[in-house]
Amino acid sequence: MSQPTIANTIAELRALTAGWRKAGDTIGLVPTMGALHEGHVSLTRLMREKARRTIVSIFVNPTQFGPNEDFTRYPRTFQADCEKLAAAGVDAVFAPAPDEVYPDGFCTTISLAGPATAGLEDAFRPTHFAGVATVVTKLFTMVAPDAAIFGEKDFQQLAVIRRMARDLNLPVEILGAPTMREADGLAMSSRNVYLSPAERQAAPALNRAMRAAATVIRSGTAIAPALVEARAAIAAAGFVIDYLEVRDAGSLAPVEKPEERALRMLAAARLGKTRLIDNISLDD
Ligand code: PAF
């Protein structure tokens with residue numbers, strides 16, 4: 001098992017990628033904030049099929065956390081992450097320090113509308129997507145990948161990045177990958193480690209209620225009453241719901257009734273101090 005090369009600076013990263021490009025190798029980027037789980041590993045597997053070289057970035061991006069969010073306690077497990085990436089056959093890890101990404105005086109951010117202002121995550125985390133879009137653009141500039149992959153678990157994030165890449169003509173192919181789930185349906189997330197044993201037991205109720213609502217909507221029940229029932233089931237399991245909505249899967253615009261277009265059900269809900277998000281297709 002060979003160890004991935006670790007680059008901590010942009011200069012080290014560029015020296016590495018310049019050699020690969022000279023050899024004619026394509027480069028795939030898997031952006032992460034570390035605390036890697038099987039969902040991240042599945043992204044590296046897909047990327048290894050797509051590109052000759054795979055780089056995983058590990059950077060807990062301060063600008064995408066709000067002032068009362070979990071930036072300082074976000075799990076940081078760099079050694080364990082590197083072991084997983086070595087086993088997955090990843091070529092390199094880019095793990096910059098905050099001041100490498102945000103030099104003194106940094107004051108430029110990406111301004112977004114469209115899916116970034118759909119009234120989902122953005123309604124509860126108003127500065128989040130500007131932080132994500134800015135760091136992702138910077139990672140693209142640093143790595144200059146041919147392709148980059150993002151999990152569908154963060155469905156709105158994926159829509160924002162796809163839109164941004166189109167709007168700014170970023171020369172990188174954006175790939176989405178299916179959400180990986182625990183056996184009981186809970187979407188894998190680095191934040192699941194925050195759950196107490198009792199919360200962990202209750203957590204799959206979110207996905208269960210979403211799947212039940214999707215089934216009744218697919219069989220002809222109107223969206224609104226199906227969501228009312230699902231919200232009640234989610235609340236009964238101990239969650240405080242931020243949102244549970246059905247949206248157009250492409251634009252994330254609201255929809256009143258199922259039509260001839262792809263739909264997505266998206267949710268965010270808090271269990272104790274932990275905020276979980278999930279989404280499922282209504283078209284399967
Ligand atoms: O999805 C994540 O882990 C982060 O939002 C990302 C894309 C790595 C940007 O920091």
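Just so you know, these numbers come straight off a predicted model, no measurement behind them. One is the number of the first residue; the rest follow in order along the sequence.
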Any side-chain heavy atom of [X] sitting closer than 4.5 Å to one from [Y]?
X      : Y      : value
Val143 : Ile27  : yes
Glu100 : Phe59  : no
Phe129 : Ile161 : no
Glu245 : Pro254 : no
Ile55  : Val30  : no
Ile110 : Met164 : yes
Arg181 : Lys153 : no
Arg218 : Val216 : no

Does [Y] offer a backbone N or O that forms a donor-acceptor pair with the side chain of [X] under 3.5 Å?
X      : Y      : result
Lys84  : Leu36  : yes
Arg247 : Leu252 : yes
Asp248 : Ser251 : yes
Ser190 : Ala35  : yes

* To do: Under the salt bridge (charged side-chain N to carboxylate O under 4.0 Å, His left out) rule, what do Arg45 and Glu38 come out as? Steps first, then yes or no, please.
  => CA-CA 10 Å; Arg45 256 188 242 118; Glu38 185 49 33; 2.7 Å; yes
* Asked: Which other residues end up in the same hydrophobic cluster as Phe65, if Ile, Leu, Val, Met, Phe, Trp and Tyr are linked when side-chain heavy atoms come under 4.5 Å apart?
  ->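 So far as hydrophobic clustering goes, Phe65 is joined with Met33, Val60, Phe71, Tyr74, Val193, Tyr194.
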* Evaluate the side-chain hydrogen bond (donor to acceptor under 3.5 Å, both in side chains) criterion for residues Gln156 and Asp122: first the C-alpha distance (whole Å), next the side-chain angles of each, then the deciding distance (0.1 Å), finally the verdict. => CA-CA 9 Å; Gln156 191 177 4; Asp122 51 294; 2.8 Å; yes
* Are Ser281 and Leu263 close enough, and set up right, to give a side-chain contact (heavy atoms from CB on, under 4.5 Å), and what steps lead you there? -> CA-CA 6 Å; Ser281 167; Leu263 298 179; over 6 Å; no
* Asked: Taking everything shown except Glu229 itself, do over 12 heavy atoms lie less than 6.0 Å from its CD?
  ->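 Atom CD in Glu229 is not crowded, with 12 or fewer foreign heavy atoms closer than 6.0 Å.
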* Could you go through the side-chain contact (heavy atoms from CB on, under 4.5 Å) check for Arg191 and Arg275 one step at a time? => CA-CA 8 Å; Arg191 289 187 167 100; Arg275 188 168 181 278; 5.9 Å; no
* **Residue of the set Asp91, Thr32, Ile58, Thr54 for which side chain to side chain contact (heavy atoms under 4.5 Å, CB included) holds with Leu85** => Ile58
* Residue pair Ile277 / Ala187: nearest heavy atoms and the distance that separates them ->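 Closest pair (atom of Ile277, atom of Ala187, distance): O-CB, 4.4 Å.
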Report the distance from atom [atom1] of [X] to atom [atom2] of [Y], rounding to the nearest 0.5 Å.
X      : Y      : atom1 : atom2 : value
Arg200 : Thr274 : CZ    : OG1   : 12.0 Å
Arg21  : Thr17  : CZ    : OG1   : 4.5 Å
Thr215 : Ile280 : OG1   : CD1   : 7.5 Å
Arg231 : Leu244 : CZ    : CG    : 5.0 Å
Arg162 : Leu175 : CZ    : CG    : 7.5 Å
Asp154 : Asn279 : CG    : CG    : 8.5 Å

* In plain terms, say whether Asp242 and Arg270 are close enough for a salt bridge, that is, a side-chain N and a carboxylate O under 4.0 Å apart. => yes
* Using 4.0 Å as the upper bound for N to carboxylate O, is an ion pair formed by Glu152 and Arg264? -> yes
* To do: Could you tell me which residues satisfy side-chain hydrogen bond (donor to acceptor under 3.5 Å, both in side chains) with Arg125, sequence neighbours excluded, listed by chain and number?
  => Glu69
* Quick one: do the Asp184 and Gln201 side chains pair a donor with an acceptor below 3.5 Å? -> no
